[in-house]
Participant: 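This is the structure, below, for whatever I ask next.
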Amino acid sequence: MSNSSENLYRLDGRVPLGKALPFGLQHVLAMFVSNITPIMILAAAVGLDSAVSAALIQNCMVIAGIGTLVQLFPVWRIGSRLPIVMGISFTFLSLAIGIAGTYGMGTLIGAVIVGGLVEGLLGLFVKYWIKLIPHVVSATVVTAIGFSLLPIGANSFAGGMGAPDFGSMNNWIVGTVTLLACLLCQVFAKGFLRSLSVLVGLIVGYVLACFMGMVNFDSLSGHSIIALPRLIPFTPEFNIGAILSVVAVYLVSATETIGDTSALCNSALKRDPETKEMGSAICCDGFVSSISGLFGCTPITSFSQNVGLAAISGVVNRFTIGVGAVVMIIGGVFPAIGAALTTIPQAVLGGCTIMMFGSILFAGFGMMARAGFSQRNMVIVSLSLSVGLGFTQATGMFAIFPEIVRTVFAENCVAVVFLLAVILNLVLPKKVMGE
């Protein structure tokens, strides 16, 4: 197998470690805070003690690395062999807090394990239901994912939701300088430096934040050198209601994985995804989420910000992204590494990711163009997006529905867009509407 830097822009082939490490690290930094944040919020909401919380943060880094490696280098039919980065999903957060707060962490973990097996089995039989998701539906879901990420990037740019200095002048300065560094590198740099534009922007923003006194190094002290992941920190318990609720959200996670896979293939690999690839990606999403439950963590899913990074940088090499996955696992074994990465200010991450999220929108528009602008497609796309994006901005509209419906749909525009797009695709006549 050839060992060349040119392989960075190819799916297969080895890349010199000196080149693979910074490009792989760029993928880790793009998703790191988003990966550990759901666990941090869950631990605080449920009232877990600091030692357990720290162990779960380590575990979520390890499981994200394992999930990414499985996607890159499949085990049987589990894993897509695509440059997909996995991490702890925000989609399950509100439901996880509700279940853990009411029944305990054991019941939550039991539901995560069972639900993951259900999603994994869905992935194995994808050929029987994937026809429900033609190109126009995939394009609509990818576009919805892009729109849903924009507020996340904006909140990070301003300092992070709930931060005492949210929207402060310092955050504006650091976020803007970081974004400009990424943009200037993307426009004027050549060769490998252009592909590292996000990492360059992150370094520039981090250095500036240090000089402005915005970086807190307190978290770097008091860590042991090595701490192995803690397996089964909670004894799984099985509650049918909790399981059904979590399975419903797993279906949403499968939808997001389909959208991310489609966006990645169309934007970075310049082709449509194969049915086998989407099914294998869902298998990884589900089965590795069950393993995540054994580590005491909530489910994992594909990370859209890394899809955007692949689209901007052009780096799709599996070996290179695998190096980043190994860094994540090492970060979980060596607590000081993870602690160092947590010192990156939110404004820096927001400056890096805001353009990446926009690139996912661009990929969705490109997919729509390939699906065609027929009257039928116009109705599917416009109605799905307007209802999905609009209704979930007015969450009080869902107050009349049962709790499980509110949990799945009230604040998840991707789920609403997907459901409505599938229904419209099934019921709208093709011949009458000029298709």
Side-chain angles (χ1 to χ4, degrees), residues 91 119 122-123 125-150 247-267 272-275 277-279 281-282 285 301-302 304 307 360-402 404-435:
T91 305
E119 186 190 12
L122 277 175
F125 297 100
V126 67
K127 66 180 180 181
Y128 297 107
W129 54 269
I130 196 64
K131 291 181 180 179
L132 295 172
I133 310 174
H135 290 311
V136 64
V137 174
S138 296
T140 309
V141 171
V142 170
T143 304
I145 289 174
F147 275 119
S148 70
L149 288 171
L150 295 181
V247 166
V249 183
Y250 264 114
L251 299 179
V252 177
S253 180
T255 302
E256 294 175 340
T257 298
I258 291 172
D260 285 340
T261 304
S262 299
L264 175 69
C265 289
N266 280 274
S267 62
D272 290 328
E274 300 174 4
T275 299
E277 289 172 332
M278 287 193 286
I282 293 170
D285 209 35
T301 191
S302 56
S304 301
V307 174
I360 297 175
L361 267 179
F362 184 78
F365 297 154
M367 292 169 66
M368 287 182 189
R370 283 188 289 276
F373 294 105
S374 66
Q375 179 73 10
R376 184 174 185 274
N377 285 352
M378 184 275 291
V379 172
I380 292 173
V381 173
S382 59
L383 186 56
S384 299
L385 288 177
S386 60
V387 171
L389 298 174
F391 284 19
T392 52
Q393 295 300 309
T395 55
M397 295 177 61
F398 293 85
I400 65 171
F401 294 102
I404 187 171
V405 174
R406 297 197 302 271
T407 298
V408 176
F409 295 108
E411 297 182 9
N412 194 328
C413 69
V414 176
V416 178
V417 168
F418 170 73
L419 180 63
L420 192 53
V422 169
I423 292 174
L424 289 172
N425 179 66
L426 290 174
V427 302
L428 291 179
K430 293 184 178 182
K431 292 183 179 180
V432 176
M433 304 191 70
E435 184 174 300

Participant: For Asn266, what residues pass the side-chain hydrogen bond (donor to acceptor under 3.5 Å, both in side chains) criterion, not counting sequence neighbours?
Facilitator: Arg370

Participant: Please enumerate all residues that pass side chain to side chain contact (heavy atoms under 4.5 Å, CB included) together with Phe398, with sequence neighbours excluded.
Facilitator: Phe391, Phe401, Arg406, Phe409, Ala410

Participant: If I take atom OG1 from residue Thr301 and atom CG from residue Asp260, how far apart are they, to the nearest 0.5 angstrom?
Facilitator: 6.5 Å

Participant: What residues form a side-chain hydrogen bond (donor to acceptor under 3.5 Å, both in side chains) with Glu119, not counting sequence neighbours?
Facilitator: none

Participant: Using residues 139-147 as the side-chain source, report each donor-acceptor pair under 3.5 Å to any protein atom, sequence neighbours left out, with the distance given to one decimal.
Facilitator:
residue : atom : partner : partner atom : Å
Thr140  : OG1  : Val136  : O            : 2.7
Thr143  : OG1  : Ala139  : O            : 2.8

Participant: State whether a side-chain donor-acceptor pair under 3.5 Å links Ser262 with Asp272.
Facilitator: no

Participant: Please identify each residue that fulfils side-chain hydrogen bond (donor to acceptor under 3.5 Å, both in side chains) with Ser138, with sequence neighbours left out.
Facilitator: none

Participant: Nearest heavy-atom pair of Ala421 and Val137: which atoms, and what distance?
Facilitator: O-CG2, 3.8 Å

Participant: Working to the nearest 0.5 angstrom, can you tell me the gap between Thr257 OG1 and Tyr250 OH?
Facilitator: 11.0 Å

Participant: For Cys413 versus Ser148, what's the shortest heavy-atom pair and its separation?
Facilitator: SG-CB, 3.5 Å

Participant: Are the side chain of Gln393 and the backbone N or O of Gly390 linked by a donor-acceptor pair below 3.5 Å?
Facilitator: no

Participant: Over all heavy atoms of both residues, which pair between Ala263 and Ser267 is shortest? Give the atoms and the distance, please.
Facilitator: O-OG, 2.6 Å

Participant: Name the atoms and distances for all side-chain donor-acceptor pairs under 3.5 Å in residues 125-133, with sequence neighbours left out.
Facilitator:
residue : atom : partner : partner atom : Å
Trp129  : NE1  : Leu122  : O            : 3.1
Trp129  : NE1  : Phe125  : O            : 3.4

Participant: Side chain of Thr255, backbone of Leu251: donor and acceptor closer than 3.5 Å?
Facilitator: yes

Participant: Can a donor-acceptor pair be found, under 3.5 Å and without considering hydrogens, that links the side chain of Ser384 to the backbone of Val381?
Facilitator: no

Participant: Compare all side-chain heavy atoms of His135 with those of Met367 and state whether any distance is below 4.5 angstrom.
Facilitator: no

Participant: When you measure from the side chain of Asn377 to the backbone N and O of Ala371, does any donor-acceptor pair fall under 3.5 Å?
Facilitator: yes

Participant: Of all heavy-atom pairs between Ala254 and Asp285, which one has the smallest distance, and what is that distance?
Facilitator: N-OD2, 4.2 Å

Participant: Looking at Pro273 and Thr261, what are the two nearest heavy atoms and their distance?
Facilitator: CB-CG2, 4.1 Å

Participant: How far apart are the closest heavy atoms of Leu383 and Leu424, and which atoms are they?
Facilitator: CD2-CD1, 3.9 Å

